[in-house]
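Structure record follows, encoded as structure tokens.
Side-chain atoms are counted along with the backbone in the values below, which use heavy atoms only and exclude waters and symmetry mates. Letters A, B, ... mirror the listed sequences (proteins, then strands); counts begin at 1.
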2 protein chains.
Amino acid sequence: MSDKNENTTKTSLLILERYLPYRLSILSNRTSSLVAQSYKDRFGLSITQWRIMAVLGEYPGASADEISAKTQIEKSLISRAISNLLNRNLIQRQISKEDKRRTKIDLTETGYDVYSQIVPLSLKYEEQILSCLSDDEQALLSELIDRLYVNAVKLQF
Amino acid sequence: MSDKNENTTKTSLLILERYLPYRLSILSNRTSSLVAQSYKDRFGLSITQWRIMAVLGEYPGASADEISAKTQIEKSLISRAISNLLNRNLIQRQISKEDKRRTKIDLTETGYDVYSQIVPLSLKYEEQILSCLSDDEQALLSELIDRLYVNAVKLQF
DNA sequence: TGACATTAGTTGCATTAACAACTAATTTAG
DNA sequence: CTAAATTAGTTGTTAATGCAACTAATGTCA
């Protein structure tokens, strides 16, 4: 027994290809970019723009900050993406009466039309991505992802 | 029965928070940025730089293209990261004798020393990230991720 | 052998993202 | 009531990323 490097620790082996954060990252990149390319081609929307619209479909009248929280997208990116969507008349906004710092943002009619086209498309994509798993496996995966995320949020390295 | 929107299709519902590509994306971002921050703080290395070093630890003498394939990082990023690692004397390279376009890249002694410090750290991080799952669940997750990735690579939207 | 295509790696450029500083409105405390 | 702190949103700056053009070397095939 020499020092702290016992046989359990020896020169420990890292195989990038099997490293979980790496694998999550490449899986996520692949799925996101598949979907992103489709939205870009069909509607000229980036993932960020689409996610904002998705939140507004669920939560009409949300503020920029609420959108930032729901999408996990940094608020300066939200601000610029909102400008773009406003210019394209996909969303509209008004200043909140109760709090003049806030804005209430909504899909326009055009925006809602686009939204209504993308929703079924994105659900179909999700289904295809998950098509290699049984229903039970899908449910399990979903649970595991939730737990991993809850755990990851608490961690601090 | 009005138009094409039957009850089966109705205005289908998308809940971003439950949408798999989104959830994968935020989980992956969280885990990667946890790890990234640690490498940045402790060794001044970005994830890209670290992944290159990780590949070289596994595959000494790899070429830039091989590194790009193993890390899934675009080759221009690899090229620039390699320049940086060369400047910092963490890696070294020589032109391949058989094919003068290729380079053979290796960790320097310094680089290997850093590598040897990061490997156990990164394994510990992985363990902590997975600590919320049982061994069986970890194995299952691993399998599901593999299958999802294989499937995702084949898909085309 | 010699044109043509392919491959390895580098560089330029345009887009995206992250981070901090800033303005304006609101809330909190004394 | 007012000074200080907080919050919503915007903007500037810099770094990271992605794509495409480019050079140089090699491979292909008539």
Side-chain angles (χ1 to χ4, degrees), chain A residues 25-26 28-30 32-37 39-41 44-52 55-56 59 61-88 91-106, chain B residues 22 25-26 28-30 32-37 39-41 44-52 55-56 59 61-87 91-106:
Chain A
S25 162
I26 62 171
S28 164
N29 286 347
R30 174 67 190 164
S32 287
S33 65
L34 270 173
V35 171
Q37 193 57 52
Y39 300 161
K40 179 64 77 190
D41 293 345
L45 291 173
S46 70
I47 285 276
T48 293
Q49 291 169 330
W50 161 242
R51 284 185 184 161
I52 290 172
V55 166
L56 292 175
Y59 303 96
S63 69
D65 244 39
E66 287 163 344
I67 294 172
S68 173
K70 300 269 183 208
T71 57
Q72 305 261 55
I73 296 169
E74 208 266 334
K75 66 180 185 160
S76 70
L77 295 182
I78 295 289
S79 175
R80 286 186 244 255
I82 284 174
S83 298
N84 184 291
L85 294 172
L86 283 170
N87 287 337
R88 294 166 63 181
I91 63 175
Q92 60 196 135
R93 72 176 162 186
Q94 57 190 108
I95 293 170
S96 162
K97 297 220 164 114
E98 310 87 63
D99 183 341
K100 292 190 198 102
R101 293 170 306 179
R102 284 168 179 274
T103 55
K104 295 173 89 59
I105 308 171
D106 288 286
Chain B
Y22 168 74
S25 163
I26 63 170
S28 164
N29 286 347
R30 174 67 189 164
S32 287
S33 67
L34 271 173
V35 170
Q37 193 57 52
Y39 299 160
K40 179 64 77 188
D41 292 346
L45 290 174
S46 69
I47 285 276
T48 293
Q49 290 169 334
W50 161 243
R51 284 185 184 161
I52 290 171
V55 166
L56 292 175
Y59 303 95
S63 69
D65 243 39
E66 286 164 345
I67 294 172
S68 173
K70 301 268 185 210
T71 57
Q72 304 262 58
I73 296 169
E74 209 267 332
K75 66 181 186 162
S76 70
L77 296 182
I78 295 289
S79 175
R80 287 186 244 256
I82 284 175
S83 299
N84 184 290
L85 294 172
L86 283 170
N87 287 337
I91 62 174
Q92 61 196 129
R93 72 175 161 187
Q94 57 191 106
I95 293 171
S96 163
K97 298 218 165 116
E98 310 87 62
D99 183 342
K100 292 190 197 105
R101 294 170 305 180
R102 284 169 179 274
T103 55
K104 294 173 88 59
I105 308 171
D106 288 287

Any idea which heavy atoms bring [X] and [Y] closest together, and the distance?
{"X": "B/T48", "Y": "B/A81", "value": "CG2-CB, 4.0 Å"}
{"X": "A/T71", "Y": "A/R51", "value": "CG2-O, 3.8 Å"}
{"X": "B/K70", "Y": "B/V55", "value": "CB-CG2, 3.8 Å"}
{"X": "B/D106", "Y": "B/G61", "value": "OD1-N, 2.9 Å"}
{"X": "B/N84", "Y": "B/Q49", "value": "OD1-NE2, 3.0 Å"}
{"X": "A/S32", "Y": "B/S25", "value": "OG-CB, 4.1 Å"}

Write out a two-atom table: protein N or O, nucleotide N or O from nucleotides 26-29 of chain C, distance below 3.5 Å.
unit_1	atom_1	unit_2	atom_2	d
C/dT26	OP1	A/K100	N	2.7

request  = Please round to the nearest 0.5 Å and tell me the distance separating atom CD1 of A/I52 and atom OG of A/S68.
outcome  =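 If I round to the nearest 0.5 Å, the distance is 9.0 Å.
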key: CD1 on A/I82 to OG1 on A/T103, rounded to 0.5 Å   =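 If we round to the nearest 0.5 Å, A/T103:OG1 and A/I82:CD1 are 6.0 Å apart.
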ask   = the helix from C/dT1-D/dA30 to C/dG30-D/dC1: angle between its terminal axes, five pairs each, to 10°?
value =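 Terminal axis comparison yields 20°.
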request  = For A/Q72, enumerate each residue passing the side-chain contact (heavy atoms from CB on, under 4.5 Å) test, keeping only those at least two apart in sequence or located in another chain.
outcome  =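 Expected list: A/Y149, B/Y22, B/I26.
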task = Extract, from 5' to 3' on DNA chain D, the first and final nucleotides lying under 4.0 angstrom from some heavy atom of chain B.
result =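 Boundary nucleotides touching chain B, in 5' to 3' order, are D/dT17 to D/dT26.
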task = Find out whether B/R80 and B/S76 are in side-chain contact, i.e. whether some heavy atom of one side chain is under 4.5 Å from a heavy atom of the other.
result =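 They are in contact (side-chain heavy atoms under 4.5 Å apart), so the answer is yes.
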inquiry  = Between B/S46 and B/K40, is there a side-chain heavy-atom distance shorter than 4.5 Å?
reply    =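 Yes. Closest side-chain heavy atoms under 4.5 Å.
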key: Annotated protein contacts, base or backbone, on nucleotides 11-20 of chain C with a non-hydrogen cut-off under 4.0 Å, one of B, S, - each   = BBB---BBB-
query = How would you list, by chain and number, every residue that makes a salt bridge (charged side-chain N to carboxylate O under 4.0 Å, His left out) with A/R102, sequence neighbours excluded?
reply =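 In terms of salt bridge (charged side-chain N to carboxylate O under 4.0 Å, His left out), with neighbours along the sequence ignored, A/R102 is linked to A/E66, A/D99.
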